[in-house]
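Written below as structure tokens is the structure these notes are about.
Everything numeric in this text was worked out from a predicted model, so none of it was measured.
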Amino acid sequence: IVGPPGAGKSALLNYLAMHWMAVHRPRLFIIEKGGSFSLLGQHFEAQGLKVVRITIKPGADVSLPPFADALKLLDQEDRTRLAIDQVPELDAGQDDEASERDLMAELEIAARLMITGGEEREEARLTRADRQTIREAILLAARCVRRLGGEQVLVEDVANALDAIGMDESRPIDLRDNARKNAAAMRLFTDGLAGRLFNRPGSAPWPDADVTILDVGVLAGEGYQAELAVAYIGLMNRICAMAEARQYEQRMSIVATDESHVITRNPLLAPYLVGVVKMARKLGLWAWFATQNMADFPDAAARILNALEWWLCLAMPPDEIEQLARFRTLTDEQKGMLLSVQKRPGLYTEGVLLSKAMAPALFRNVVPPLALAFAQTEKEEKAARRAVMLELGCSELEAAYEIARRMQAQVSSSGTGRASA
Ligand SMILES: Nc1ncnc2c1ncn2[C@@H]1O[C@H](COP(=O)(O)OP(=O)(O)OP(=O)(O)O)[C@@H](O)[C@H]1O
Ligand SMILES: [Mg+2]
């Protein structure tokens with residue numbers, strides 16, 4: 001789902017989530033920032049679904065160890081390759097049916113996120129030999145943890161392994177220097193908020209729920225780019241692990257990421273996500289992304305964007321349409337259609353559906369009042385909801401129901417708009 005700020009992405013996603021639940025009853029995961037789905041969560045709960053909310057904030061007991069799966073490397077050691085040049089890049093032209101998950105490549109990305117933050121300049125500094133050393137350190141850490149009977153590889157285990165390589169006099173001096181520098185960079189993720197998040201064994205698996213709402217909380221703020229990306233990998237790993245454990249069930253899973261431009265602007269995440277999305281569909285896990293600012297997508301994201309089957313483009317201004325054209329060939333007809341969409345505040349928005357499966361279609365997005373009321377996160381909207389709570393002495397959820405009723409009444413009495421739309 002793409003569209004500029006205020007286009008109605010979160011409202012549409014709220015509506016779609018209600019729809020999915022009513023029709024398919026999937027296991028639903030929503031990754032968001034800023035509480036656009038908390039009322040929806042309360043509503044689902046009131047309807048008898050089991051809802052779990054997890055918010056990343058200082059002091060919260062959330063742990064997302066990025067190397068949690070590293071011990072699995074030891075069980076597939078014959079298939080784990082250290083040499084970068086033998087390993088196809090996760091994003092290098094693999095066909096859509098790419099077979100097995102390349103765990104080592106994923107773990108290397110997590111390590112590089114911590115070492116370079118995904119920053120172009122820092123990434124350029126890493127040589128192939130450095131990357132090979134990082135892989136070696138991950139494997140070394142896994143062996144060490146297994147030998148000592150540990151259950152999970154932590155960030156500090158990998159940093160220690162890098163340091164050990166840095167002290168190995170049989171290796172070239174510049175490689176040793178880099179290994180030690182990289183170890184030091186990784187140690188920034190072993191204490192403070194990052195340490196709590198990433199350097200503790202994963203707490204017990206998340207409770208099995210119908211709906212899990214994950215708010216990236218503080219990590220959406222400035223200065224937490226790398227932490228956010230590492231956390232996203234941790235979240236996705238957990239979601240995939242759950243989907244994998246349940247892949248033989250009839251019930252499908254959906255993971256929707258709102259505001260995904262905040263996350264996907266880190267170029268290292270793109271190749272990771274391509275791997276995940278491809279693997280996910282074999283596990284019956286479907287990924288949705290809602291995003292503004294196509295310009296924020298690094299070119300590296302082209303492959304993930306190409307892999308998407310459905311595009312719902314809401315009220316995009318001309319420059320955003322050009323940005324979209326970076327990733328998707330648009331005919332003049334499609335551009336014309338994208339330019340023609342309208343928005344009538346309070347009534348509807350319009351959009352264009354692009355898909356490989358059918359011809360492009362203009363659609364009018366008439367979100368039911370209930371979904372609109374749940375997605376109200378503007379300051380005035382929150383104030384209005386608070387006023388209703390005070391007026392009726394009711395809960396926030398009941399206030400949202402009331403606001404939806406009033407919206408409906410207003411539109412019905414005006415005689416125009418939603419009904420005829
Ligand atoms: N289909 C719709 N019909 C009428 N009003 C809508 C519709 N969709 C959204 N709105 C209204 O437009 C405003 C913005 O919607 P929303 O928060 O969903 O946008 P967004 O695209 O998620 O924005 P952002 O990028 O800032 O998160 C809200 O006040 C919402 O009630
Ligand atoms: Mg939004």
Side-chain angles (χ1 to χ4, degrees), residues 64 66-67 70 81-94 102-141 155 158-159 161-163 165-166 171-190 194 197-198 219 222-237 260-277 293-306 326-327:
L64 300 163
F67 300 115
R81 289 152 305 177
L82 289 179
I84 309 294
D85 52 5
Q86 290 174 14
V87 184
E89 289 281 339
L90 271 178
D91 59 339
Q94 292 177 2
D102 190 345
L103 183 57
M104 181 50 109
E106 285 179 29
L107 295 170
E108 184 207 321
I109 288 177
R112 273 160 61 195
L113 273 170
M114 287 181 253
I115 292 168
T116 69
E119 279 170 38
E120 216 174 317
R121 245 196 15 237
E122 292 279 300
E123 273 290 309
R125 181 182 64 81
L126 284 188
T127 62
R128 290 178 99 71
D130 292 332
R131 288 175 53 195
Q132 227 152 288
T133 309
I134 292 169
R135 289 184 174 215
E136 209 181 324
I138 294 170
L139 200 55
L140 214 65
V155 176
V158 179
L162 274 172
D163 267 336
I165 291 173
R171 298 179 189 246
I173 187 76
D174 53 338
L175 188 140
R176 291 171 54 195
D177 278 351
N178 287 350
R180 281 200 303 268
K181 272 187 215 149
N182 293 342
M186 270 189 124
R187 285 195 201 286
L188 294 176
F189 285 76
T190 58
L197 276 173
F198 306 124
L219 298 190
E222 278 305 312
Y224 285 115
Q225 259 279 325
E227 285 85 348
L228 179 60
V230 177
Y232 192 71
I233 287 187
L235 288 173
M236 277 295 194
N237 281 347
S260 59
H261 60 284
V262 177
I263 295 159
T264 42
R265 79 176 167 213
N266 194 315
L268 272 182
L269 264 188
Y272 166 80
L273 274 178
V274 175
V276 164
V277 168
N293 301 354
M294 292 301 293
D296 276 354
F297 276 90
D299 289 335
R303 291 199 60 249
I304 174 151
L305 295 175
N306 277 327
R326 273 168 65 217
F327 300 107

- Query: Do you know the tightest heavy-atom contact between F327 and M294?
  - Reply: CD1-CE, 3.7 Å
- Pairwise distance CG(D174) to NZ(K181) - rounded to 0.5 angstrom: 9.0 Å
- Task: Over all heavy atoms of both residues, which pair between M186 and V155 is shortest? Give the atoms and the distance, please.
- Result: O-CG1, 3.7 Å
- Query: Counting only N and O atoms by type, is there a donor-acceptor contact under 3.5 Å from the side chain of N266 to the main-chain atoms of G117?
  - Reply: yes
- To the nearest 0.5 Å, what is the distance between CE (M104) and CD (E136)? 9.0 Å
- Message: Tell me whether the count of non-hydrogen atoms from other residues, nucleotides or ligands lying under 6.0 Å of CD in E122 goes above 12.
- Response: yes
- Query: Do the non-hydrogen side-chain atoms of L219 and L197 ever get within less than 4.5 Å of each other?
  - Reply: yes
- Message: Ignoring hydrogens, what is the shortest heavy-atom contact between A161 and A137? Give both atom names and the distance.
- Response: CB-O, 3.3 Å
- Message: My understanding is that only one of L107, L268, L113 makes a side chain to side chain contact (heavy atoms under 4.5 Å, CB included) with I233; could you say which?
- Response: L113
- Pairwise distance CZ(R131) to CZ(R112) - rounded to 0.5 angstrom: 4.5 Å
- Take R125 and N182 through the side-chain contact (heavy atoms from CB on, under 4.5 Å) test and state the conclusion after the steps. CA-CA 11 Å; R125 181 182 64 81; N182 293 342; 3.4 Å; yes
- Is any side-chain heavy atom of M236 less than 4.5 Å from a side-chain heavy atom of Y272? yes
- Between the main-chain N or O of G166 and the side-chain N or O of R180, is there a donor-acceptor pair closer than 3.5 Å? yes
- Do V158 and M114 touch side chain to side chain, with heavy atoms closer than 4.5 Å? no
- Query: Could you state the interatomic distance from CG (D130) to OG1 (T116), rounded to the nearest 0.5 Å?
  - Reply: 11.5 Å
- Message: Looking at every heavy atom in both N237 and P66, which two are closest together, and how far apart are they?
- Response: ND2-O, 4.1 Å
- Task: Determine, step by step, whether E123 and L126 satisfy the side-chain contact (heavy atoms from CB on, under 4.5 Å) criterion, reporting the C-alpha distance in whole Å, the side-chain angles of both residues, the deciding distance to 0.1 Å, and the verdict.
- Result: CA-CA 5 Å; E123 273 290 309; L126 284 188; 4.2 Å; yes
- What's the verdict on side-chain contact (heavy atoms from CB on, under 4.5 Å) for L175 and T127, showing C-alpha distance, side-chain angles and the deciding distance? CA-CA 9 Å; L175 188 140; T127 62; over 6 Å; no
- Query: What is the minimum heavy-atom distance between A105 and R135, and which atoms define it?
  - Reply: CA-NH2, 3.5 Å
